[in-house]
Amino acid sequence: MIKSSATQMAAALAKGEVSSLELTQLHLDQISKVDSQVNAFLFVDTEGALEQAKQVDAKRQKGEKLSPLAGVPLALKDVMTQKGVPTTCGSKMLEGWRPPYDSTVVTRLKENGVVILGKTNMDEFAMGSSTENSAYGPTHNPWDLTRIPGGSGGGSSAALAAFEAPLAIGTDTGGSIRQPAAVTGTVGVKPTYGGVSRYGLVAFSSSLDQAGPCARTVLDAAYLHEAIGGYDKLDSTSINAPIPPVVAAAKDGNVKGMKIGVIKELQGDGYQPGVLELFNQSLELLAAQGAEIVEVSCKYFDYALAAYYLIAPSECSSNLARFDAMRYGIRVGEGSAEEVMNKTRQVGFGREVKRRIILGTYALSSGYYDAYYGSAQKVRTLISRDFENAFQQADVLVSPTAPTTAFKIGEKANDPIAMYLNDIATIPTNLAGIGGMSLPSGLAKEDGLPAGFQIMAPAMQDDRMYKAGAALEAALLTKWGKPILDSAPVLGAK
Ligand code: GLN
C-alpha cells in the first residue's frame with residue numbers, strides 16, 4: 001500500500017478498503033523502519049497524525065462529503081509553521097520553537113483532511129542544494145545513502161522516495177522543490193509566484209519564495225496543488241484569481257499541437273551527458289505524441305545565477321534580522337542586548353546563512369546598492385523579458401532540471417559556487433515569478449541515478465505544465481513498464 005500513489009490511496013480510502021488510521025500507521029511504521037538511515041524527518045508527530053486520521057475516518061463513517069485527499073498522509077517541510085509543532089527551519093536558532101499559529105498551507109491541508117505526519121529536514125532557512133546545511137545532520141538519498149537528496153527540501157523529496165509519505169510540501173526560492181525532486185526520482189512543482197500563500201512560510205527571500213506540492217506522480221501533485229493553492233488575504237502577494245485547472249490538465253495529458261520550447265542556454269557545458277541524453281529522449285516521446293518541438297534562446301539566463309545571489313541574500317539579510325534572541329528560539333550569553341544578540345546569532349546560524357547575510361548586507365550597503373542590488377534587479381527584468389519572448393514562440397519551455405544527478409555527501413560542501421551551480425536551470429523561473437515542474441526523465445547511464453525534466457509555463461498558466469508533465473509521465477511509464485521508484489534500492493531496518 002505505501003508504494004501506491006496518493007490518488008490510489010485516496011480511492012482505497014473512499015471505497016473503505018483501508019482506513020486513514022491504518023494508512024497513517026503504515027507510514028509511521030515505514031518511518032520507524034527507514035528514517036534512521038534517511039534522516040528525512042526532524043520531527044514525527046505520531047500522536048497528532050493518528051488523531052487527525054481518526055477524525056477523518058469518523059467523518060467518512062458519518063457519510064460527510066470529504067475532499068479528494070482526505071485521510072492521505074503528508075510530510076511537511078520544516079519551514080512551514082504548524083501550531084504547537086516544533087518548527088526549526090533546519091536551524092539551531094529556532095530549536096524548541098513551537099509556533100502559535102498555522103501557516104495557510106497547513107490550515108488548508110487540515111481543511112482537506114490531509115494527515116500531517118511530521119516535519120522534514122532541510123538546509124538551514126532553505127539555503128542550499130543538498131540538505132547538508134541542516135543543523136540536524138544531512139538527509140541521505142534513498143537511491144544511494146552516500147549521496148545528497150538535493151536541497152533545500154531534501155527531506156520532503158527523500159520521504160517520498162523512501163515511501164515514508166505519498167505527498168509532501170516543499171518551498172522553492174531558487175529550485176528547492178524541483179532540484180530535490182530531480183535527484184530523488186520524484187515530482188515537484190513550484191507554482192506561479194502568488195499561487196500558494198506564503199503566510200506562515202518562514203521567509204528567506206520574500207520576492208522569490210514559493211510553496212508547492214511534492215509527490216510521486218503528476219496527478220498527485222495536481223491534487224495537492226489544488227488543495228493548498230488559491231487566494232489568501234493573509235499574504236499580500238497572493239494572486240486573487242482562481243487556481244489554474246491543474247487536476248483537469250493532469251488527467252487530460254494531451255500534448256497534440258502543443259509547442260514545446262527547448263531553451264538553448266540550459267544545456268551543454270556543465271550538464272552531465274547522461275542527463276542530457278534522457279532529456280533528449282523525453283523530447284522525442286513528447287514529439288511522438290504530437291507536440292511540436294522548437295528551440296528558443298534566452299540570452300540573459302547566463303546572468304541569472306549572479307542576479308539571484310545578490311537578490312536572495314539581500315532579502316535574506318533583511319528577513320533574518322528578526323532572529324534577534326528576543327522574540328524567537330534560542331538565547332545565548334548575557335550582558336547588554338547587543339552582546340546577547342551577537343552571541344546568539346554567532347551560535348544560532350550556520351556558515352552558509354552567515355555567508356548570505358554578509359553578502360546581502362554588503363550588496364545593500366549605501367555606495368554599493370545601485371551597483372549590486374540595483375543591477376541585479378535590472379537583470380531580473382531582462383530575464384522576465386526573455387521568458388515573455390520565448391513564450392511567444394512556445395506554450396511551455398523545457399530543460400533538464402538539474403545539471404547532474406545526485407552527488408556524494410561532502411563532495412561540494414566546501415565549494416559554495418559549485419553548490420550554487422546546481423540551480424542554474426531552476427533559478428530563472430523564480431526570478432520571473434512563473435511556474436516550474438520537475439518530473440523524472442529516467443536513470444542516467446553513468447551512475448544509474450534519476451534525472452529530472454523541467455517544464456515551465458507562463459504565470460497563472462500552471463495547468464500547461466501539468467498537461468505536458470502527465471503526457472511525458474505516461475509515455476515513460478509505458479516505456480519502462482513500472483514507476484521509476486520501483487528501481488530504487490529497498491531500504492530496510494538496520
Ligand atoms: N539552492 C538555492 C539556494 O541555496 C535555492 C534554495 C531554495 O530554493 N530555497 O539559495
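All values derive from a computational prediction rather than experimental measurement. When a ligand or atom number is given, it counts from 1 through the structure's own listing order.
For Lys343, the NZ atom counts as loosely surrounded, since its 6.0 Å shell holds 12 or fewer non-hydrogen atoms of other residues, nucleotides or ligands.
Note on residues 134-157: pairs passing salt bridge (charged side-chain N to carboxylate O under 4.0 Å, His left out), not counting sequence neighbours, are Asp144-Arg147.
Residues that satisfy the ring pair (Phe, Tyr, Trp, His ring centres under 6.0 Å) test with Phe323, not counting sequence neighbours, are Phe125, Tyr328.
Closer than 4.0 angstrom to ligand 1 sit non-hydrogen atoms from Ala126, Met127, Gly128, Ser129, Ser152, Asp172, Thr173, Gly174, Gly175, Ser176, Phe204, Tyr308, Tyr309, Arg356, Asp423.
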Let me check something: any side-chain donor-acceptor pairs from residues 175-188 under 3.5 Å, sequence neighbours excluded? List them with distances.
{"from": "Ser176", "atom 1": "OG", "to": "Ser152", "atom 2": "N", "distance (Å)": "2.7"}
{"from": "Ser176", "atom 1": "OG", "to": "Ser152", "atom 2": "OG", "distance (Å)": "2.8"}
{"from": "Arg178", "atom 1": "NE", "to": "Asp172", "atom 2": "OD2", "distance (Å)": "2.9"}
{"from": "Arg178", "atom 1": "NH1", "to": "Thr426", "atom 2": "O", "distance (Å)": "3.2"}
{"from": "Arg178", "atom 1": "NH1", "to": "Thr429", "atom 2": "OG1", "distance (Å)": "2.7"}
{"from": "Arg178", "atom 1": "NH1", "to": "Gln454", "atom 2": "OE1", "distance (Å)": "2.7"}
{"from": "Arg178", "atom 1": "NH2", "to": "Asp172", "atom 2": "OD1", "distance (Å)": "2.9"}
{"from": "Arg178", "atom 1": "NH2", "to": "Asp172", "atom 2": "OD2", "distance (Å)": "3.4"}
{"from": "Arg178", "atom 1": "NH2", "to": "Thr426", "atom 2": "O", "distance (Å)": "3.1"}
{"from": "Arg178", "atom 1": "NH2", "to": "Thr429", "atom 2": "OG1", "distance (Å)": "3.2"}
{"from": "Arg178", "atom 1": "NH2", "to": "Asn430", "atom 2": "OD1", "distance (Å)": "2.6"}
{"from": "Gln179", "atom 1": "OE1", "to": "Gly151", "atom 2": "N", "distance (Å)": "2.8"}
{"from": "Gln179", "atom 1": "NE2", "to": "Ser129", "atom 2": "O", "distance (Å)": "3.0"}
{"from": "Thr184", "atom 1": "OG1", "to": "Pro180", "atom 2": "O", "distance (Å)": "2.7"}
{"from": "Thr184", "atom 1": "OG1", "to": "Ala181", "atom 2": "O", "distance (Å)": "3.4"}
{"from": "Thr184", "atom 1": "OG1", "to": "Thr186", "atom 2": "OG1", "distance (Å)": "2.9"}

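Using modelled atom types and a 3.5 Å distance limit, the side chains of Ser205 and Thr173 yield no donor-acceptor pair.
Shortest non-hydrogen contact noted between Glu315 and Ser207 is OE2-OG, 2.6 Å.
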